[in-house]
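Here the structure is laid out as structure tokens; the discussion comes afterwards.
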Amino acid sequence: MAFVKKQVDVTPIEDTVFAIVKLAKQAIMEKGDDAVVNATIGSLYGEDGRIVAYDSVFGPYDRIKKEVKAAYAASFTGNESYRKQVYEWVCGDNKLHLAHSVIATAGGSGAVSIAINEMLDEGQTLVIPKIAWGSYALMASMHNVVVTSYELFDGDRFHLRDFERVCREVMEKQHKLLVVINDPCHNPTGYSMSMAEWKQVIGFLNELSVLGDVVILNDVAYIDYAYQKDARAYLSVLNEMNAHVMCIVAFSCSKTLTSYGLRCGAALLLAKDAAQVREVEIVFEKMARSLWSNIPNAAMENFTYVTTIGKDSFLQEKQEYVELLRKRSACFIEEAEACALPCYPYKEGFFVTVKMPDNQTRDRFHEALMKQDIYTVKVNTGIRVAICSLPLKKCEGLAERMKEIYVQVEAER
């Protein structure tokens, strides 16, 4: 007997991140904070070991009238002022000659999930990177969508050839393509594609679209923590999409504003044809209504205020933490290079990932790290180090310690 639908995965969820976070916290309680390296938490933390909550964000939020916080949003698609400001904020100085719409979502996760659910039929295949945020595959599973993946790197560059191979195989099979590109500040490697790489991707997808429609799901959760000032410049390449290619940009207020618990985000729909954008907008609006009804009114009002009237204060405060991330990542990467600890190519963002030859080696290494009170997160052929939450003093010497443990693990094989 089963009360749930037949085609659903009833395997209990194993959220490895939260499980390791719990172990790290237990170790800290038993041995003290100084004895433990907790490089698991995927939120921005200060040097004091406390989660960052921007004064420039939560000060204005606290001043929002309680009636505004209590009220429903103006629409299932989100407040009009919010939708307009999300588009302006995400696109920046880029002039996009594309039809567009914005749908408010329950965080960036909501934007990704709704796209997977509504752009593919059950049994079709979603294309993701081989090293990726684990929830892509989970969302696909819950929507009865199959997952296949492309190699992310060819040396220290984006693996365009494997991207093309996998996308072509899927397109030839189902004459429809939905492909995830988590860029810039890829989770978990910290890689960001170059303008040239984006041009190659769009050029290829335009060619591929003669076989069927193409949807790019561009997850930009960490875009506001890029080190490069022109991190949004690649969006101008989307102007080169032809009429059979659409881009859905998944944006996260959670990451941008350090407001993880407010669950506010957006899906930006971009395409040549306004009628196609409108069709997707209708479907997304109906899906939003059926899932979360509407997004917190105050969260949308707060984002609009912070990124307009409060913009200068917000950018100044955020930049302090971008510079802190830069220092932490530079410390870890430089020391990793000095001791020959292999890492995937990192450019910017919350995470650095140590490269593993296979998942069996990764598992042994991960266990050995925990025995030495170093807590990290396993990803496909890698060990994720969350520099976003790791104080600089704990970044210092960490790569060398990890290398010593790795050498010992290999010697014991």
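Count residues from 1 along the sequence.
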- request: Enter the distance from His366:NE2 to Arg384:CZ here, rounded to the nearest 0.5 Å.
  value: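 Result: 10.0 Å between the selected atoms.
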Do [X] and [Y] have side-chain atoms, one donor and one acceptor, less than 3.5 Å apart?
X      : Y      : value
Thr11  : Asp9   : yes
Gln316 : Glu320 : no
Asn206 : Glu240 : no
Trp133 : Asp219 : no
Asn359 : Asn380 : yes
Arg263 : Ser254 : yes
Ser192 : Glu348 : yes

task: Please check if atom NZ in Lys355 has more than 12 non-hydrogen atoms from other residues, nucleotides or ligands closer than 6.0 Å.
output: no
message: Looking at Lys403, I want to see if its NZ is surrounded by more than 12 non-hydrogen atoms of other residues, nucleotides or ligands under 6.0 Å.
response: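 Yes, the 6.0 Å shell around NZ holds more than 12 heavy atoms from other groups.
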- prompt: Of all residues at least two apart in sequence or in a different chain, which pass the ring-ring contact (aromatic ring centres under 6.0 Å, His included) check with Tyr321?
  reply: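 In terms of ring-ring contact (aromatic ring centres under 6.0 Å, His included), with neighbours along the sequence ignored, Tyr321 is linked to Tyr54.
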message: Under the rule for ring-ring contact (aromatic ring centres under 6.0 Å, His included), what residues qualify as partners of Phe365, not counting sequence neighbours?
response: Tyr406
message: So that I know where these two stand, are Tyr82 and Phe303 an aromatic pair - ring centroids less than 6.0 Å apart?
response: yes
query: Are any non-hydrogen side-chain atoms of Thr105 and Phe284 less than 4.5 angstrom apart?
result: no
message: side chain to side chain contact (heavy atoms under 4.5 Å, CB included), that's the test. Do Cys253 and Met300 meet it? Break it down for me.
response: CA-CA 9 Å; Cys253 293; Met300 289 189 284; over 6 Å; no
- prompt: Can Lys199 be said to sit on top of Tyr234's aromatic six-ring, NZ or CZ under 6.0 Å from centre and within 45° of the ring axis?
  reply: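 The answer is no, since Lys199 fails at least one limit relative to Tyr234.
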Set of salt bridge (Lys or Arg N to Asp or Glu O under 4.0 Å) partners for Asp224, sequence neighbours left out: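 Asp224: salt bridge (Lys or Arg N to Asp or Glu O under 4.0 Å) contacts with Arg232.
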field: Ring geometry between His100 and Tyr87 (parallel below 30°, tilted from 30 to 60°, perpendicular above 60°)
entry: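 Because their plane-to-plane angle is under 30°, the rings of Tyr87 and His100 count as parallel.
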